[in-house]
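Written out below as structure tokens is the structure these notes cover.
Numbering starts at 1 and runs along the sequence shown.
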Amino acid sequence: METRDLWSWEFAWRVLPDLLAGLVVTLEAVAAGMAVALVLGMVWAVMRRSASPLLSWPAAGLVEFLRSTPLLIQLFFLYYVLPGVGIFMPPLLTGVIGLGLYYSSYTAEVYRAGINGLPRGQWEASLALNLNGWQTYRYVILPQAIPPVLPALGNYLIAMFKDTPLLSAITVLEVLQRAKNIGNAEFRYLEPLTLVGLLYLVLSLICGAGVNWLENRLKKRKA
């Protein structure tokens, strides 16, 4: 095969719309998965700080389990095992839940680090003001604990984005799965896989720049 036959711009332009459609699915999975991870991560973090072992122990066990098992295994469990007990979910929803649960274990630790970094006096002041637990978190703790950890949460957003190709294993038609389908149908893999790599690179760089901008902005606010 001659060198000029390795790459076809005509083929690349022809498959690009299909890949962009898959990229939309990827971004939907990341947006929804990150929303789940942020909410559940906060729940796990608050539960782990509870004085009651009935709350803290299950939360600690769940976080350790999610962090210590591969994301792919968790996706397979959700997609292939749950139907055996009567729980059926479409592939994309399964992927969103899988990503959300897996990364909630990491966001929980980020939240916990932010909360633990606050001076003990903040808790004592809330107690002196007769605030209940919800009011303490809502008005005193979280407004101070979350801003410093936003860059770390942004890094997990990028990591989740780069993990989305795993969703192809449960038949989600995200961008990599579409590239594989195109390659199988056309017997040409170079163009679709190269384009997918470039799309991931561009979006990762944009996300990274966003995280850096956020980090610099927070530093200026603290200065």
Side-chain angles (χ1 to χ4, degrees), residues 29-75 77-78 95-164 166 204-223:
V30 171
M34 197 63 194
V36 173
L38 291 175
V39 173
L40 288 182
M42 180 59 70
V43 173
W44 309 148
V46 173
M47 287 177 66
R48 288 195 71 174
R49 287 189 53 84
S50 172
S52 170
L54 294 177
L55 293 177
S56 61
W57 289 3
L62 182 60
V63 167
E64 291 304 320
F65 172 79
L66 292 172
R67 283 199 308 173
S68 303
T69 53
L71 174 58
L72 186 58
I73 297 295
Q74 296 176 26
L75 290 172
F77 185 89
L78 291 171
V96 167
I97 293 175
L99 289 171
L101 281 172
Y102 182 74
Y103 277 94
S104 70
S105 64
Y106 291 96
T107 58
E109 294 304 287
V110 172
Y111 286 136
R112 204 158 65 95
I115 294 171
N116 290 344
L118 293 180
R120 183 175 177 80
Q122 298 294 320
W123 299 92
E124 294 171 347
S126 302
L127 188 63
L129 292 171
N130 202 28
L131 299 179
N132 59 33
W134 161 251
Q135 291 172 326
T136 298
Y137 274 105
R138 169 69 178 82
Y139 298 110
V140 179
I141 302 302
L142 295 184
Q144 298 181 77
I146 289 181
V149 301
L150 284 178
L153 295 175
N155 287 330
Y156 283 120
L157 173 66
I158 297 173
M160 179 185 289
F161 175 65
K162 291 190 290 188
D163 273 345
T164 53
L166 293 176
S204 292
L205 291 175
I206 292 174
C207 289
V211 171
N212 290 335
W213 175 83
L214 184 60
E215 202 166 9
N216 291 332
R217 188 175 175 84
L218 291 174
K219 286 179 180 176
K220 288 180 180 177
R221 288 181 60 182
K222 290 177 67 176

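From Gln74, atom CD reaches atom CG of Leu99 across 10.0 Å, with rounding to the nearest 0.5 Å. Between the SG atom in Cys207 and the NZ atom in Lys162 there is a gap of 10.0 Å [rounded to 0.5 Å]. Between Gln122 atom CD and Gln144 atom CD the span is 4.0 Å, to the nearest 0.5 Å. Atom CZ in Arg49 sits 5.0 Å away from atom CG in Asn116 (nearest 0.5 Å). Within the model, atoms OG1 of Thr69 and CD of Glu64 stand 10.5 Å from one another, a figure rounded to the nearest 0.5 Å. To the nearest 0.5 Å, the span separating CG on Leu38 from OG1 on Thr107 amounts to 6.0 Å.
The two residues Tyr137 and Pro143 make their nearest non-hydrogen contact at O-CD, 3.7 Å. Nearest heavy-atom pair, Leu66 versus Ser105, reported as atom, atom and distance to 0.1 Å: CB-CB, 3.7 Å. Minimum heavy-atom separation, Val63 to Ala108: CG2-CB, 4.3 Å. Shown here for Gly41 and Tyr111, the closest heavy-atom pair between the two residues is C-CD1, 3.5 Å. Between Val211 and Pro151, the shortest heavy-atom distance links the atoms CG1-O, 3.7 Å. Contact detail for Ser56 and Ser50: the closest heavy-atom pair is CB-O, 3.7 Å.
Of the residues Asn155, Leu157, Leu150, the one that meets the side chain to side chain contact (heavy atoms under 4.5 Å, CB included) test with Leu153 is Leu150.
Annotation: side chain of Trp123 is in contact with side chain of Ile115 (closest heavy-atom distance under 4.5 Å).
A donor-acceptor distance shorter than 3.5 angstrom exists from the side chain of Tyr103 to the backbone of Ala159, with no hydrogens or angles considered.
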What verdict does the side-chain contact (heavy atoms from CB on, under 4.5 Å) test give for Trp44 and Met47, after you've listed the backbone C-alpha separation in whole Å, the side-chain angles of each residue and the deciding distance to 0.1 Å? CA-CA 5 Å; Trp44 309 148; Met47 287 177 66; 4.1 Å; yes
Applying side-chain contact (heavy atoms from CB on, under 4.5 Å) to Leu101 and Leu40, what does each step give before you reach the verdict? CA-CA 7 Å; Leu101 281 172; Leu40 288 182; 3.8 Å; yes
Are Gln135 and Asn132 close enough, and set up right, to give a side-chain contact (heavy atoms from CB on, under 4.5 Å), and what steps lead you there? CA-CA 5 Å; Gln135 291 172 326; Asn132 59 33; 3.1 Å; yes
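In the model, Asp163 has no side-chain atom that pairs as donor or acceptor with a side-chain atom of Tyr102 under 3.5 Å.
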